[in-house]
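Have a look at the structure below before the remarks.
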Amino acid sequence: MSIDRATRLLVIGGSGFLGREVVRQAAAAGHHVTATAHSKPGGRRLDIRDRAAVARLVGEIEPEVIVNAAYQQADWVTTAEGAMHVAAAAALARARLVHVSSDAIFSGAAGSYDETAVPDPITPYGAAKAAAEVAVRGSVPEAAIVRTSLIVGKGGSPTETFVRELATGTRSGALFTDDIRCPVHVGDLAAAILELTAEPGVHHVAGSDATSRHELGVLIARRAGLDGKALPTALRAASGLPGAVAVRLDCRATRSRLTTRLRGAREFLAT
């Protein structure tokens, strides 16, 4: 169920790659949108680590819907405690809440993960995201928790920037051939988030293709007119880096509720 009337919408993390697209689509649909930003331009300044500041802003705006797309991979307080602060403010304001989570909450030990899968994170970021989900459910039981994967699609994501720098030789590194995810187009994800504002529970929103980081990189490079064959490769399993090797999100249950089509990377990066 999507938002069916003009609504006061607050997008936490509205200056980020996903947040900007949620803001754009919501505004285009006629909603009254306020975006927040921590350090980047593009919204009201807000540090979600500050519980009182979050409560003040929510009290001032009185949003009917809050989308929390904020995170910091290396910062437990922002990712976990910040999500708790947003959820507490949403509960006090009786606002609907959409919390954006991640496939990082899973270890990759299973072949795939549907919405009933129990988180088993193996990285600090994954643990922070899992803790955030617990905090959100505790404060706002009717919240929508949207778990997603690598977000790409318009050229401005960290993944796409990294690939372009590798392909042009301006950055060192490699793309793993054994690291499997389900990349999602930022436009598809934002549209799904707006559809799910009135759908409580856990939702998996990712692309229909499971691809390696290297295959994804080749697709990104090809679309940009660069030589994908020049991209260095490596194995995550041999790298010593923390993190799951392969995490496939099973999105069938959520797809059945959406009108938004969740395209695969091989489709949306073809042009």
Side-chain angles (χ1 to χ4, degrees), residues 2 11 13-14 16-26 67-71 73 79 98-106 108 111-115 117 119 125-126 129 132-133 144-164 175-176 179-197 199 201-224 243-271:
S2 59
V11 181
F17 185 60
L18 172 60
R20 290 194 305 271
E21 181 64 14
V22 173
V23 169
R24 187 193 69 78
Q25 290 193 22
V67 175
N68 183 14
Y71 74 98
Q73 285 199 350
T79 302
V98 181
H99 174 77
V100 181
S101 190
S102 168
D103 60 6
I105 66 170
F106 298 120
S112 66
Y113 295 87
D114 67 13
E115 288 84 350
Y125 175 62
K129 276 295 194 181
E133 289 192 9
I145 295 174
V146 175
R147 295 173 180 157
T148 192
S149 189
L150 293 176
I151 307 172
V152 295
K154 289 193 171 185
S157 70
T159 296
E160 290 162 283
T161 299
F162 180 60
V163 168
R164 287 195 300 271
L175 295 172
F176 297 126
D179 187 326
I180 309 297
R181 297 294 186 272
C182 298
V184 65
H185 191 283
V186 66
D188 297 348
L189 177 56
I193 285 170
L194 292 173
E195 278 199 64
L196 293 168
T197 56
E199 292 283 350
V202 175
H203 309 284
H204 284 187
V205 180
S208 57
D209 295 333
T211 69
S212 71
R213 299 257 184 178
H214 178 254
E215 181 186 358
L216 179 63
V218 170
L219 292 170
I220 290 169
R222 187 176 298 156
R223 186 188 62 176
V245 172
V247 178
R248 298 172 176 87
L249 291 183
D250 181 341
C251 304
R252 286 175 294 180
T254 298
R255 281 197 188 103
S256 70
R257 300 176 182 175
L258 293 172
T259 58
T260 299
R261 191 166 69 88
L262 300 176
R263 297 167 291 166
R266 298 183 187 102
E267 176 183 349
F268 66 72
L269 288 171
T271 57

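Positions are given from 1 along the sequence.
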Shortest non-hydrogen contact from [X] to [Y]?
{"X": "T148", "Y": "I151", "result": "CG2-CD1, 4.2 Å"}
{"X": "T260", "Y": "A192", "result": "OG1-N, 4.0 Å"}
{"X": "F106", "Y": "V247", "result": "O-CG2, 4.0 Å"}
{"X": "A206", "Y": "C182", "result": "CB-O, 3.4 Å"}
{"X": "K154", "Y": "R24", "result": "NZ-NE, 3.8 Å"}
{"X": "S101", "Y": "I145", "result": "CB-CG2, 4.0 Å"}

Could you go through the side-chain contact (heavy atoms from CB on, under 4.5 Å) check for D188 and R261 one step at a time?
-> CA-CA 7 Å; D188 297 348; R261 191 166 69 88; over 6 Å; no
To the nearest 0.5 Å, what is the distance between [atom1] on [X] and [atom2] on [Y]?
{"X": "R252", "Y": "E115", "atom1": "CZ", "atom2": "CD", "answer": "9.5 Å"}
{"X": "L249", "Y": "H203", "atom1": "CG", "atom2": "NE2", "answer": "14.0 Å"}
{"X": "Y113", "Y": "D103", "atom1": "OH", "atom2": "CG", "answer": "10.0 Å"}
{"X": "L262", "Y": "H204", "atom1": "CG", "atom2": "NE2", "answer": "12.5 Å"}
{"X": "T159", "Y": "R164", "atom1": "OG1", "atom2": "CZ", "answer": "10.5 Å"}
{"X": "L150", "Y": "I180", "atom1": "CG", "atom2": "CD1", "answer": "10.5 Å"}

Derivation of the side-chain contact (heavy atoms from CB on, under 4.5 Å) call for L196 and V205 = CA-CA 10 Å; L196 293 168; V205 180; 3.9 Å; yes
Salt-bridge test for D250 and R248: reply yes if a basic N is under 4.0 Å from a carboxylate O, no otherwise.
->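 Judged by the 4.0 Å cut-off on N to carboxylate O distance, D250 and R248 do not form a salt bridge.
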Flag side-chain contact, heavy atom, 4.5 Å: L216 against D209 |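 SC-SC contact between L216 and D209 ruled out.
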Does any non-hydrogen side-chain atom of R147 lie less than 4.5 Å from one of P119?
->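 Yes; the side chains approach each other to less than 4.5 Å.
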Derivation of the side-chain contact (heavy atoms from CB on, under 4.5 Å) call for S102 and Y71 | CA-CA 10 Å; S102 168; Y71 74 98; over 6 Å; no
Do any N or O atoms from the side chain of R266 and from the backbone of S208 form a donor-acceptor pair under 3.5 angstrom?
->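 Between the backbone of S208 and the side chain of R266 there is no qualifying donor-acceptor contact (under 3.5 Å).
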Are the side chain of T79 and the backbone N or O of K129 linked by a donor-acceptor pair below 3.5 Å?
->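 Absent.
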Scan side-chain atoms only and decide if E160 and S157 contain a donor-acceptor pair under the 3.5 Å cut-off.
->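 Yes, a side-chain donor-acceptor pair sits under 3.5 Å.
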For H185, what residues pass the ring-ring contact (aromatic ring centres under 6.0 Å, His included) criterion, not counting sequence neighbours?
-> F268
